[in-house]
Structure formats: structure tokens, C-alpha cells
Number of protein chains: 2
Amino acid sequence: MDIGIVAKNSGLPVSTLRFYDEKGLIHSIGRNGLRRVFDDNVLERLALIALGRQAGFSLDEIASIFTDDGPKIDRHQLLRKAEEIEKTIKQLTSLRDGLKHAAACPAATHFECVKFQRLLKLAIKNQRRARE
Amino acid sequence: MDIGIVAKNSGLPVSTLRFYDEKGLIHSIGRNGLRRVFDDNVLERLALIALGRQAGFSLDEIASIFTDDGPKIDRHQLLRKAEEIEKTIKQLTSLRDGLKHAAACPAATHFECVKFQRLLKLAIKNQRRARE
DNA sequence: ATGCAACTTTAAGTCAACTTGAGGTCAAGT
DNA sequence: ACTTGACCTCAAGTTGACTTAAAGTTGCAT
């Protein structure tokens with residue numbers, strides 16, 4: 001596959017694909033003249049990268065999941081990530097609930113609303129935790 | 001309040017507070033010599049900013065929430081953010097499940113594992129949907 | 001055989017949200 | 001009165017994830 005085809009099939013710009021290649025997140029299986037040639041499985045890999053990105057992982061973190069060939073099986077690391085994600089989920093869930101409430105709350109200003117006050121306190125707590 | 005006190009009480013570095021001040025997100029009520037003097041209510045404001053940040057608002061978006069008389073919060077905008085967060089939660093949930101499974105999966109490489117394949121397919125679907 | 005769309009490289013630019021550095025001021029505690 | 005630690009400004013630097021520009025090469029459809 002030419003890089004343009006990969007771009008079309010993955011929805012990513014070619015510049016991003018080259019960037020990922022340079023970073024070692026994906027690999028071409030060779031060249032046709034100058035041109036990179038990719039195997040079909042690069043799409044699977046890109047899907048995994050996309051998944052990780054959307055979950056908030058940095059490219060470096062994602063890169064560390066890939067070893068020689070195929071995703072690494074550091075099961076302990078995977079579990080730690082899973083727990084991290086679990087925490088994030090909980091945090092986002094209360095945030096979502098808070099926002100939903102705020103959107104529906106009848107109080108004239110949100111500062112008069114007890115739930116909103118709680119939401120603010122939660123935000124401060126999260127901020128403090130993030131900075132440590 | 002001196003800026004250092006605000007920093008201590010909010011958990012933010014003074015550099016960030018000056019930056020927010022410059023951006024117009026917070027305001028000092030005056031100066032003591034050179035020094036900015038802040039009112040207590042700046043802490044409430046910072047909490048609101050923290051909340052906004054965590055909900056995925058940019059600083060510019062947050063700035064537009066603060067008007068001449070009190071913060072005016074667009075309930076519709078809140079709902080949209082809540083829905084965005086909802087989507088992220090769903091993604092994180094499948095990622096978490098995928099990781100948990102991967103940690104326990106006996107398959108030699110994850111690409112041989114049916115569950116992992118399902119996870120990838122889901123990722124690709126989400127990716128595709130996000131693009132359109 | 002040739003035109004050109006699609007590829008190539010390298011370097012620099014962009015954006016948000018801060019952080020850091022240099023050089024200077026000053027309120028307040030001893 | 002003096003010291004000093006906390007403040008000040010302004011400019012430049014940082015990070016992550018890309019994007020864009022410039023200048024060159026080439027596979028392939030006609």
C-alpha cells in the first residue's frame with residue numbers, strides 16, 4: 001500500500017503517517033523507489049494508536065506498548081493502565097453528572113446551587129491531585 | 001490576599017495565576033505597591049476555571065463564560081460538553097475492558113485474540129465515526 | 001516518452017497553556 | 001535601618017502532536 005492509500009483508509013493525513021513512521025509507531029515493510037510501502041496490518045496498528053490517543057495516552061506511552069513485533073505483553077503494566085483509566089472514568093462520570101445537573105438546574109445562578117458547589121469542590125480536589 | 005496565598009489556597013503556581021490575570025480570567029482588586037492583591041472570591045473563580053478545564057473547555061471558552069455581571073453559563077453548551085464526556089467515558093470503558101482482558105489473556109500475541117480483535121474493530125468504528 | 005500527481009526529505013512553524021530566566025522592586029520582620 | 005524573600009515585568013523557552021514550506025524525485029496512466 002502506498003502512503004496515500006493508508007491515509008485514505010485510516011482517515012489520517014499523510015503528514016501524520018510520516019510523523020508516526022519517524023517516531024517508530026508504525027513501520028513500512030519497504031520502499032518502492034523512494035516511496036514507503038505499507039502492509040495492510042498497519043491499519044490495525046493505527047486503530048490501536050487511535051484508541052490509545054482517545055483514551056488520553058501520549059504517543060510515547062503508546063510506543064512503549066509496541067515492542068519488537070506486536071503489542072507487548074507486560075500484563076502488569078496493562079493492569080496498572082486499566083486501573084488508571086478506571087479512576088479517570090470515575091472522575092469523568094461525576095463531572096458529567098455535575099454538568100448535566102447544572103444544565104438542568106433551576107437555580108438562578110449556579111453558585112446558589114448546592115450540587116454545583118459540590119462540583120466546584122470536586123474540581124479543586126481533582127486539580128490538586130493532578131498537580132502532585 | 002497576596003498572590004502566594006492564592007497559589008497556596010488554589011493549588012496553582014503563581015506563574016499560572018499571573019498568566020490567568022494577564023489573560024483576563026481573574027482580576028486583582030488592586031495593588032499593594034507592585035503586588036497584586038486578590039479578593040477571596042478569586043478562589044471561587046479559580047474553582048470554576050478548574051472545572052471548565054476538566055470538562056474540556058479551552059481557556060478562551062472559559063473566558064467567554066465570565067461577563068461583566070457574573071458568570072453566565074450556557075446550559076446548552078454544558079449539555080454538549082456533558083455528551084462529549086459521555087463519549088469519552090464509553091471509549092475509556094472499552095479500553096479499560098480491553099486492557100484488563102489483555103492482561104489476563106492467554107493468547108501468545110494479542111492479535112491472535114478474538115476479544116482484542118473486537119476491541120480494535122470498535123476502535124476503528126469510533127475513529128471512523130469521529131471523522132465524519 | 002512524457003507529464004504530473006503523488007511521493008520524498010529536512011527544517012521550520014503552529015497552537016495551547018504554561019514555565020523559566022533575567023534583572024529589578026519592595027513590604028515587612030528582626 | 002537592613003536584609004531578604006516574595007513579589008514584579010517582559011521575553012523567550014517548553015511540550016506534544018502535528019502541519020506547512022521548499023525543493024527535489026519518480027511511478028504510472030496516457
Side-chain angles (χ1 to χ4, degrees), chain A residues 1-39 42 45-66 88 123-124 126-132, chain B residues 1-39 42 45-66 81 84 88 127 130-131:
Chain A
M1 274 201 294
D2 243 23
I3 199 172
I5 309 298
V6 179
K8 191 161 278 178
N9 288 341
S10 68
L12 293 169
V14 294
S15 62
T16 301
L17 295 175
R18 291 200 195 98
F19 175 69
Y20 282 0
D21 187 19
E22 204 178 323
K23 271 229 146 192
L25 273 96
I26 60 176
H27 297 294
S28 54
I29 53 176
R31 295 272 176 145
N32 172 18
L34 283 184
R35 304 177 175 206
R36 290 168 183 81
V37 177
F38 292 97
D39 190 272
V42 79
R45 188 122 164 180
L46 285 170
L48 196 51
I49 292 172
L51 183 63
R53 292 285 298 122
Q54 304 206 3
F57 288 94
S58 73
L59 292 183
D60 284 351
E61 280 177 310
I62 292 169
S64 77
I65 288 175
F66 299 118
T88 305
I124 290 176
N126 286 341
Q127 177 172 283
R128 246 170 228 292
R129 216 186 39 189
R131 295 204 55 86
E132 275 149 26
Chain B
M1 274 200 295
D2 243 23
I3 199 172
I5 309 299
V6 179
K8 193 162 276 178
N9 288 342
S10 69
L12 292 169
V14 294
S15 62
T16 301
L17 295 176
R18 291 202 194 98
F19 175 70
Y20 282 0
D21 188 17
E22 203 178 325
K23 271 229 144 191
L25 273 96
I26 59 176
H27 297 295
S28 54
I29 53 176
R31 295 272 175 146
N32 172 18
L34 284 184
R35 303 177 175 206
R36 290 169 183 80
V37 177
F38 291 97
D39 190 273
V42 78
R45 186 121 165 180
L46 286 170
L48 195 50
I49 293 171
L51 177 64
R53 295 283 301 123
Q54 284 165 41
F57 289 92
S58 72
L59 292 184
D60 284 350
E61 282 177 308
I62 293 169
S64 75
I65 286 176
F66 298 117
K81 289 293 178 188
E84 254 168 52
T88 305
Q127 193 181 345
R131 214 184 321 134

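Residue numbering restarts at 1 for every chain, and letters A, B, ... go by the order of the sequence lines. FYI, side chains are in, hydrogens and waters are out, and symmetry mates aren't considered; it's all heavy atoms of this structure.
Between B:L34 and A:R35, the residue anchored closer to the 5' end of DNA chain D is B:L34, taking for each the nucleotide with the nearest heavy atom.
Salt bridge absent: A:D2 and A:R36 never bring a charged side-chain N and a carboxylate O closer than 4.0 Å. Under the 4.0 Å criterion applied to side-chain N and carboxylate O atoms, B:E61 and B:K81 are assigned as salt-bridge partners.
Note that CZ of B:R53 is 13.0 Å distant from CG of B:L46, once rounded to the nearest 0.5 Å.
Regarding contacts with the backbone of C:dA27, every side-chain N or O of B:R36 stays at 4.0 angstrom or more from both OP1 and OP2.
Residues A:F38 and A:H27 share a closest heavy-atom pair of CD2-O, 3.7 Å. The two residues B:V14 and B:G4 make their nearest non-hydrogen contact at CG1-CA, 4.2 Å. Residues A:G52 and A:I62 come closest through the heavy atom pair C-CD1, 3.9 Å. Taking each heavy atom of B:A47 and A:A123 in turn, the nearest pair found is O-CB, 3.9 Å. Across every non-hydrogen atom of A:I26 and A:L17, the tightest pair is CD1-O, 3.5 Å.
The distance between atom CG of A:N32 and atom C1' of C:dC7, rounded to the nearest whole Å, is 10 Å.
Judged purely by atom type and a 3.5 angstrom limit, A:T16 has no side-chain atom pairing as donor or acceptor with the backbone of A:L12.
The environment of A:K23 atom NZ is dense: over 12 non-hydrogen atoms of other residues, nucleotides or ligands sit within 6.0 angstrom.
Using a 4.0 Å cutoff on non-hydrogen atoms, the parts of residues 8-24 of chain B near DNA chain C are B:P13, B:S15, B:T16, B:F19, B:Y20, ordered by number. Contact check of residues 45-62 of chain B against DNA chain C (heavy atom, cut-off under 4.0 Å) returns B:R53, B:S58, B:L59.
A 4.0 Å heavy-atom criterion places the boundary nucleotides of DNA chain D facing chain B at D:dG5 to D:dT9, written 5' to 3'.
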